[in-house]
Amino acid sequence: MDKKISLGLLGEKLDHSFSPLMFNHYFEKLNLDICYKNFPVSSEILPFLLKKTRTSDIIGLNVTIPFKENVIPLLDDLAPEVKIIGAVNVIHNSEGRLKGYNTDYIGFLRTLRKYDSLKNEQAVVLGAGGAARSIIYGFYKLKFKNITFFSKIKNEITKILDQFHFLPNLNGERWEIEKIKEKMKDADIVVNATPVGMSPLEKESPVDNDFSLKKQCIVYDLIYNPKVTQLLKAAQIKGAVIENGLQMLIYQAVESLKIWKTEVVDEEVFIKSCKEVLNASLSKRR
Ligand code: NAP
């Protein structure tokens, strides 16, 4: 008999998504009657799918590119962080009412916990999409003294500065390589929140390799496939501490499970099971 479909991922192109692997491996391990499925949809179908969700067995959805913003007007309730970040990556269906959350920023913050020596002073964020805004929110939570993000689009800069109007230490700058490198020089942490470095752009880096960093600077690429992007390679050669997006991916998933209240979440088992399946899958895809 088929398992009851109760969780899934909403996005456009989902063939390369790791989420079903991560969740299903864990559910199978614990012998739980839960199945996590991909729901690839177009923007035209999105409202229809969410309407159907309300009366279905689906109790939770993750949301990915390009719908993290588009789903917002289709939901009944929003968690407070979503109102600021403007992006949803988790939906909970509670008896027909759909509530949106953002767990990307929690995933990011949880990854940073291990860096005791990180000074909460200068942060640089490359990009201005949903992930960049989650990261900015994370830096706000960590009370960073100065946060600078870079975008190619002037309107995006203005929009983000408006969204984070309560954050006087947030600077939005136009995407100019020399300006980015100037800011990177003094940064305690640099985050790549653009897809540059990921397939089909795996040979590219958001900045050329001729940059300088402070000693102990953390260079964090939200990309996890490849595990070491061109940016991370260059940063590692310069002695930086490097982090890819794998742990953030796992932590945002743990936080999703907590919101869906599917079963008692055994975090340790879930994290271990995700690492197992992701490492195996990433080495196969290399
Ligand atoms: P998004 O909403 O599409 O935003 C991407 C941002 O990158 C936009 O500001 C975009 O600017 C900018 N960008 C794209 N190409 C660029 C280029 N060549 N030069 C400069 N800027 C460029 O995507 P997202 O959801 O924020 O995701 C961004 C990245 O984070 C993706 O690689 C995604 O896989 C990763 N991510 C990882 C996790 C994780 O758990 N590890 C979670 C979320 C996201 P324009 O609008 O001007 O194109």
Side-chain angles (χ1 to χ4, degrees), residues 9-19 21-23 43 62-72 81-82 85-90 101-112 124-138 148-161 163 172-181 184 190-208 219-232 242-256 271 274-275 278 282:
L9 175 66
L10 207 54
E12 204 165 47
K13 294 181 191 122
L14 301 176
D15 293 348
H16 297 287
S17 164
F18 285 106
S19 296
L21 268 180
M22 281 196 303
F23 286 107
S43 51
N62 284 125
V63 185
T64 188
I65 294 173
F67 300 133
K68 287 187 178 183
E69 290 174 48
N70 306 17
V71 292
I72 293 178
E81 75 277 1
V82 171
I85 299 170
V88 160
N89 71 307
V90 181
Y101 297 81
N102 186 300
T103 64
D104 280 339
Y105 90 90
I106 311 179
F108 174 67
L109 288 181
R110 287 193 63 172
T111 313
L112 290 187
V124 170
V125 181
L126 307 179
R133 297 196 302 270
S134 306
I135 301 309
I136 293 171
Y137 189 75
T148 305
F149 70 94
F150 288 88
S151 170
K152 286 188 168 161
I153 304 175
K154 195 163 173 250
N155 283 352
E156 280 303 309
I157 299 176
T158 316
K159 202 173 110 189
I160 293 181
L161 291 175
Q163 272 173 291
E173 299 276 359
R174 286 298 285 272
W175 190 279
E176 282 169 30
I177 297 296
E178 289 313 313
K179 226 190 244 176
I180 294 175
K181 290 202 274 192
M184 282 172 75
V190 176
V191 180
N192 177 31
T194 78
V196 184
M198 183 171 84
S199 171
L201 304 173
E202 64 265 49
K203 293 213 167 67
E204 291 184 26
S205 175
V207 282
D208 61 62
V219 177
Y220 194 141
D221 202 324
L222 301 193
I223 294 168
Y224 44 85
N225 189 17
K227 280 185 183 170
V228 186
T229 57
Q230 296 299 330
L231 173 68
L232 293 187
I242 61 162
E243 180 75 41
N244 66 25
L246 214 51
Q247 288 219 327
M248 174 171 160
L249 178 77
I250 296 173
Y251 284 134
Q252 63 77 30
V254 175
E255 298 297 328
S256 305
I271 291 168
C274 288
K275 282 184 182 160
L278 290 176
L282 280 168

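Counting convention: from 1, in listed order, for ligands and their atoms alike.
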From the list N244, T111, N192, side chain to side chain donor-acceptor pair (under 3.5 Å) partner of Y220 resolves to T111
What residues, two or more places apart in sequence or in another chain, satisfy salt bridge (charged side-chain N to carboxylate O under 4.0 Å, His left out) together with E173?
K179
Mind checking salt bridge (charged side-chain N to carboxylate O under 4.0 Å, His left out) for E255 and listing every partner two or more places apart, or none if nothing turns up?
R110, K258
If you count only heavy atoms, which residues are under 4.0 Å from ligand 1?
I65, K68, D104, G127, A128, G129, G130, A131, K152, I153, W175, A193, T194, P195, V196, M198, L222, I223, Y224, G245, M248, L249
Salt-bridge criterion met for R133 and E69 (N-O under 4.0 Å):
yes
Qualifying residues under salt bridge (charged side-chain N to carboxylate O under 4.0 Å, His left out), relative to K13, sequence neighbours excluded
none
Identify the residue among L249, L278, L282, L246 that makes a side chain to side chain contact (heavy atoms under 4.5 Å, CB included) with N225.
L282
